[in-house]
Amino acid sequence: MMPSEDIKTGAESACLLKVTGLHRSYSMARSSLWRKPEPLQALRGVSFTLKAGQSLGVVGESGSGKSTLARLVMALDTPTAGTVQLKGRDLHRMSSHELRSARRDFQMVFQDPYASLDPRMTVERIVAEPLCTLEQPPAREAQRSQVQTVLSQVGLRAQDADKYPHEFSGGQRQRIAIARALITRPQLIVADEPVSALDVSVQAQVLNLMQQLQRELGLSYLFISHDLAVVQHVCDEVIVLYQGQIVERGTPQKLFSAPEHPYTQALVKAAPRLPAQYR
Ligand code: ADP
Ligand code: MG
C-alpha cells in the first residue's frame with residue numbers, strides 16, 4: 001500500500017476535502033439472547049485528502065463501505081469517529097446554520113436516476129431544489145435563468161424545464177441529476193455510482209459530460225464505483241476500499257498496470273473494458 005502522502009496536496013490551502021480516521025459502525029440486531037450484538041464496522045479508519053480541481057475515485061465491491069463514506073462526506077450521516085473537513089472546516093461540528101451555508105459547496109449525484117428524481121415535480125423544480133436549502137435563495141426569475149444555464153451545461157434544452165422525469169431516458173435523467181448538483185456552483189460533487197444503472201453506451205456519454213464539466217468548471221469529484229474502468233475516465237487518483245478499509249491507492253494507470261493488493265488484482269481482472277492505453 002502506498003503512503004497517504006501520495007494523495008496529499010502540497011499547499012494546505014488548496015486542500016478541498018480532508019477525511020481523517022473515519023469510522024462508522026452500525027449496531028446489529030441481537031442474534032440470540034445470550035450473545036451480545038456485535039457492531040458492523042462499515043468504515044474502519046479511512047483517511048485521504050483531495051485537492052481543489054482534482055478528482056478521487058473510490059472503488060470496491062458491494063458492501064465495502066462506499067455509500068457509507070459518501071453519506072459521511074455529504075454530512076447526511078454522523079461518523080462513529082474521525083473527521084471530514086471541507087476547506088478546513090469540520091462538517092460534523094458545524095451548527096445547522098453553518099452547514100446550510102456550507103452546502104452550497106458540495107452536492108451529490110445518486111446512482112439511480114429513476115428513484116432519485118421526484119416524479120411529481122417538473123425538471124425546473126427538481127433542478128432548483130438545492131437553491132431552496134440555501135441561506136438566501138434567489139428570486140423566482142433568477143432561479144429560472146439559473147436552471148436554464150445548468151440545463152444547457154448538461155446538454156438539455158431550455159424547454160425541458162417544464163417536463164416531468166418520466167419523459168426522459170435514464171441517461172437524460174442522470175443529466176438532470178447532474179444539473180441539480182451544479183445549480184449551487186459547488187466545488188465538490190460526490191457521485192455515488194452515477195453511471196452504474198445506465199447502459200454501457202450511455203455510460204460513456206455521461207462520463208464524457210462529467211469530464212467536460214470538470215474541465216470547464218474546475219470541479220472536484222469524489223467518484224464512487226464498483227468498476228475500476230469507469231473511475232479512470234474521471235479520476236487522477238483512486239482508493240480501493242475493502243471491508244471498510246483502504247487497501248491500496250494510486251493513479252488509475254498504476255492500479256491497472258501494477259496492482260499490489262490481491263483484492264485490487266481481482267478488481268483489475270474483473271474490469272470489463274480495459275482501455276487500450278493501459279493494456
Ligand atoms: P457499498 O456502498 O460499498 O455497497 P455500504 O456503505 O452501503 O457499501 O455498506 C457497507 C456495510 O454497511 C454493508 O455491510 C451494509 O450492510 C452496512 N450498512 C450500510 N448502511 C447500514 C445501516 N443503515 N444499518 C446497518 N448496516 C448498514
Ligand atoms: Mg453503495
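Only heavy atoms go into these numbers, but all of them, side chains included; no hydrogens, no water, no symmetry mates. In this chain, residues are counted from 1 in sequence order. Counting starts at 1 for both ligands and their atoms, in listed order. All of these numbers come straight from a predicted model, not from anything done at the bench.
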Would G60 count as a contact residue for ligand 1, given that I'm defining contact as a non-hydrogen atom of the residue lying under 4.0 Å from a ligand atom?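 Judged by the 4.0 Å heavy-atom criterion, G60 does not count as contacting ligand 1.
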
Below 3.5 Å, N or O to N or O, backbone or side chain included: is there any such pair between A42 and ligand 1?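 N/O-N/O distance under 3.5 Å: no.
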
| atom 23 (N) of ligand 1 [closest protein heavy-atom partner, distance rounded to 0.1 Å] |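 Heavy-atom neighbour on the protein nearest atom 23 (N) of ligand 1: Y26 CE2, 3.6 Å.
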
query: What protein heavy atom sits nearest atom 9 (O) of ligand 1, and how far off is it?
result: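 Looking only at protein heavy atoms, the one closest to atom 9 (O) of ligand 1 is T68 OG1, 3.9 Å.
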
- Message: Just verifying a value: how many Å separate I189 CD1 and L182 CG, rounded to the nearest 0.5 Å?
- Response: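 If we round to the nearest 0.5 Å, I189:CD1 and L182:CG are 4.5 Å apart.
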
- Interatomic spacing from CD1 in I239 to NZ in K66 - rounded to 0.5 Å: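 Nearest 0.5 Å value for the CD1-NZ distance: 11.5 Å.
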
If you measure from each non-hydrogen atom of [X] to ligand 1, which part falls under 4.0 Å: side chain, backbone, both or neither?
X	result
L40	side chain
H226	neither
Q243	neither

Evaluation steps, salt bridge (charged side-chain N to carboxylate O under 4.0 Å, His left out), between K87 and D105: CA-CA 9 Å; K87 297 199 280 188; D105 289 332; 3.0 Å; yes

Just wondering, do E237 and R249 contact through their side chains at under 4.5 Å, heavy atoms?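 No, their side chains stay 4.5 Å or more apart.
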
Discussion item. With heavy-atom distances below 4.5 Å as the criterion, would you say the side chains of T251 and V238 are in contact?
Written reply: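 No. Closest side-chain heavy atoms not under 4.5 Å.
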
Determine whether a donor-acceptor pair (N or O, by modelled atom type, separation under 3.5 Å) exists between the side chain of [X] and the backbone of [Y].
X	Y	value
S25	Q41	no
D77	R71	no
E193	I224	no

**Asked** Are more than 12 heavy atoms from other residues, nucleotides or ligands located less than 6.0 Å from atom CD of Q159?
**Response**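 More than 12 within 6.0 Å, yes.
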
So if I count the atoms of ligand 1 from 1 in the order they appear, which ones are less than 4.0 Å from some heavy atom of [X]?
X	result
S67	1 (P), 2 (O), 6 (O), 7 (O)
E61	3 (O)
R71	20 (N)

For R215, all residues meeting salt bridge (charged side-chain N to carboxylate O under 4.0 Å, His left out), sequence neighbours excluded: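 R215: no salt bridge (charged side-chain N to carboxylate O under 4.0 Å, His left out) contacts found.
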
Salt bridge or not for [X] and [Y], using N-O below 4.0 Å?
X	Y	result
D90	K18	no
K254	E248	yes
E124	R140	yes

Check the Mg ion (ligand 2) and write out every protein N, O or S atom at under 2.8 Å, as residue and atom.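 Within the sphere that stays under 2.8 Å of the Mg ion (ligand 2), the protein atoms of type N, O or S are S67 OG.
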
From atom 16 (O) of ligand 1, is the closest protein heavy-atom distance below 4.0 Å?
->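 Within 4.0 Å of atom 16 (O) of ligand 1, no protein heavy atoms are found.
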
- request: Return yes when at least one protein heavy atom is under 4.0 Å from atom 21 (C) of ligand 1, and no when none is.
  value: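 Looking at atom 21 (C) of ligand 1, one finds that a protein heavy atom does lie closer than 4.0 Å.
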
Nearest heavy atom to atom 13 (C) of ligand 1 wins, so pick from S62, S25, G63.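 The option holding the nearest heavy atom is G63.
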
Run down the list G244, S225, G65, A70 and name the one with the heavy atom closest to atom 8 (O) of ligand 1.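 The nearest heavy atom belongs to G65.
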
